[in-house]
Amino acid sequence: MKMIKDYEMVIGLEVHVELKTKTKIFCNCKTDFGAAPNTQCCPVCMGMPGTLPVLNKKVVEYAVKAGLATNCQIASFSKQDRKNYFYPDLPKAYQISQYDLPLCEHGWLDIESEEGTKRIGITRIHIEEDAGKLVHDDELGTLIDCNRCGVPLIEIVSEPDLRSAEDAVAYLKKLRAIILYTGISDCKMNEGSLRCDVNLSIRKKGSEKFGTRTEMKNLNSFAFIAKAIEYEYKRQVEAVEAGEEIVQETRRYDPASGKTYQMRSKENANDYRYFPDPDLPGIVLGSDKVNEIKKSIPSLPDERKTQYVSEYGLSPYDAEIIVSELFIAAFFEEAAKNTHHKKILANLLISELPRLVSQDSETVAADPVLFSEVAEMLGEGDINSSTAKKVLKEVITNNADPRKFVEENGLMQINDDSVLKKAAIEAVSENPKMVSDYKAGKAAAFKSLMGKCMQKTAGKGNPVKLTAFLEEELSK
Ligand code: ADP
Ligand code: MG
Ligand code: ZN
């Protein structure tokens with residue numbers, strides 16, 4: 001375990017995103033997820049000889065959106081190439097992709113990490129077609145479903161700039177957020193519309209030279225990605241320490257065992273015998289067109305984040321959480337219109353998120369105006385933070401009016417100095433053991449005494465004032 005600290009991991013990600021176009025990349029077949037097998041295909045996407053592909057313009061537009069949203073340069077000329085391989089899920093025996101002239105290059109995005117903001121390079125984004133799906137059946141054997149053949153994809157390749165599992169997950173979450181904002185994909189990892197290949201190598205800390213990488217294919221959850229990275233890192237360190245050499249290969253992560261296994265030794269680009277697809281003309285994009293696409297992109301996570309930090313005083317970390325989903329950012333902004341206390345609003349929102357957003361839902365389960373009133377009352381000192389929690393629960397479960405609820409239940413914060421001072425005096429005189437513990441240096445005793453003060457005010461005392469009065473009494 002000690003030696004693991006002598007190394008660092010180097011990670012680069014390849015992310016495939018299915019685009020939300022109505023039809024496929026080279027034909028008019030539909031792209032709906034979950035349709036009955038082989039009901040959304042035609043001779044073109046099934047790779048019949050003699051058919052001709054026609055590029056769907058939307059695919060280019062969407063890929064350019066992704067590129068602009070990740071600070072890429074958009075190529076005025078790019079082309080499509082055939083990547084040849086034999087796979088049973090690809091009847092054509094080649095995939096139309098982009099090789100040396102991709103649509104987008106030289107981009108980046110920023111992530112928040114423990115060491116602060118990190119800029120992660122994006123090498124390229126290119127367009128390509130998805131392959132079909134193999135269905136393994138106990139009785140019938142292996143079957144093929146061609147519905148996914150020709151569904152448009154973009155592949156987003158990062159520079160090897162990531163240094164931990166946390167970095168990798170933060171990058172993916174950021175990328176996902178950006179793509180969701182642009183509206184070009186639903187990014188559902190469980191339906192395969194966002195899939196990730198993890199390339200990982202190790203090197204001694206302080207060394208510049210990269211080690212040999214392995215690639216783990218098609219990871220489909222943030223949790224698996226983090227686990228696969230931790231496992232693979234440890235495996236490589238142990239191998240190197242044992243004097244073994246890391247071989248460039250493709251590995252499979254098995255969620256059940258938490259381990260990675262070798263699938264095949266890694267192919268190189270020349271194994272695919274790439275060549276320009278003779279059926280497709282080059283893609284020419286004028287700056288007018290690119291600017292037009294640019295205008296259609298809404299305010300992106302970083303722009304909103306900057307605003308939250310500079311205008312509302314949020315920390316970059318908190319702002320990042322709120323912008324991670326467009327619907328959460330929209331809820332926050334709607335609520336923020338109603339309160340001066342935006343930072344308090346953000347804190348309440350973040351701490352209540354697990355109750356407000358259920359898995360797979362794309363809404364915040366509360367009324368933003370009612371929610372903001374709780375922040376306003378808390379910020380104005382009308383209620384204290386434990387009351388705020390109670391009130392929020394009522395807002396979330398019963399759509400309660402916060403002010404009414406507080407009044408009807410007598411939950412207004414007690415700010416009256418004489419009442420609070422009395423509570424502190426009584427707490428001290430009635431609990432000599434706690435007082436002596438406190439004086440003997442036990443910090444926890446102060447908390448217990450604060451608890452007594454709160455009890456005396458039925459949980460409604462102003463905690464800042466109570467703390468001051470209690471400290472005053474204890475210093476006597
Ligand atoms: P391929 O298409 O063969 O997988 P690419 O050149 O497109 O190869 O690179 C794939 C990914 O591997 C990129 O995300 C890149 O950042 C990453 N990568 C390259 N070299 C290393 C390395 N030594 N360690 C970790 N990741 C690497
Ligand atoms: Mg790869
Ligand atoms: Zn088709």
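Remember, it's a predicted structure, so these values are computed and weren't measured experimentally. When a ligand or atom number is given, it counts from 1 through the structure's own listing order.
Taking a cut-off of under 4.0 Å to the non-hydrogen atoms of Val157, the atoms of ligand 1 that pass are 13 (C), 14 (O). Here is the list of ligand 1 atoms found below 4.0 Å of a heavy atom in Val10: 24 (N), 25 (C). Taking every heavy atom of Ser158 and a limit of under 4.0 angstrom, the matching atoms of ligand 1 come to 13 (C), 14 (O), 15 (C), 16 (O).
Checked against the 6.0 Å centroid threshold, Phe371 and Phe331 count as a close aromatic pair.
When distances to the Zn ion (ligand 3) are checked against a cut-off of 2.8 Å, Cys41 contributes no N, O or S atom below that limit. Taking 2.8 Å as the threshold, Cys149 does not count as a candidate ligand of the Zn ion (ligand 3), since none of its N, O or S atoms lies below it.
Counting only N and O atoms by type, the side chains of Arg213 and Ser201 include no donor and acceptor under 3.5 Å apart. Checked by atom type, the side-chain pair His16/Glu18 shows no donor-acceptor distance below 3.5 Å.
Applying the side-chain contact (heavy atoms from CB on, under 4.5 Å) test between Ser385 and each of Asn347, Leu378, Ile344, Leu348 identifies Leu378 as the sole match.
No N or O atom of Leu200 sits closer than 3.5 Å to an N or O atom of ligand 1. Looking at ligand 1, you'll find an N or O of Pro160 within less than 3.5 Å of one of its N or O atoms.
The closest donor-acceptor contact from the side chain of Gln98 to the backbone of Ile127 lies under 3.5 Å. Using modelled atom types, one side-chain atom of Lys342 and one backbone atom of Ala336 make a donor-acceptor pair closer than 3.5 Å.
Among Lys83, Arg213, Glu215, the residue whose heavy atom sits closest to atom 8 (O) of ligand 1 is Arg213.
Within the 4.0 Å heavy-atom criterion, the part of Leu13 lying near ligand 1 is the backbone and not the side chain.
Scanning for side-chain hydrogen bond (donor to acceptor under 3.5 Å, both in side chains) contacts around Glu159 gives Thr123, with sequence neighbours left out.
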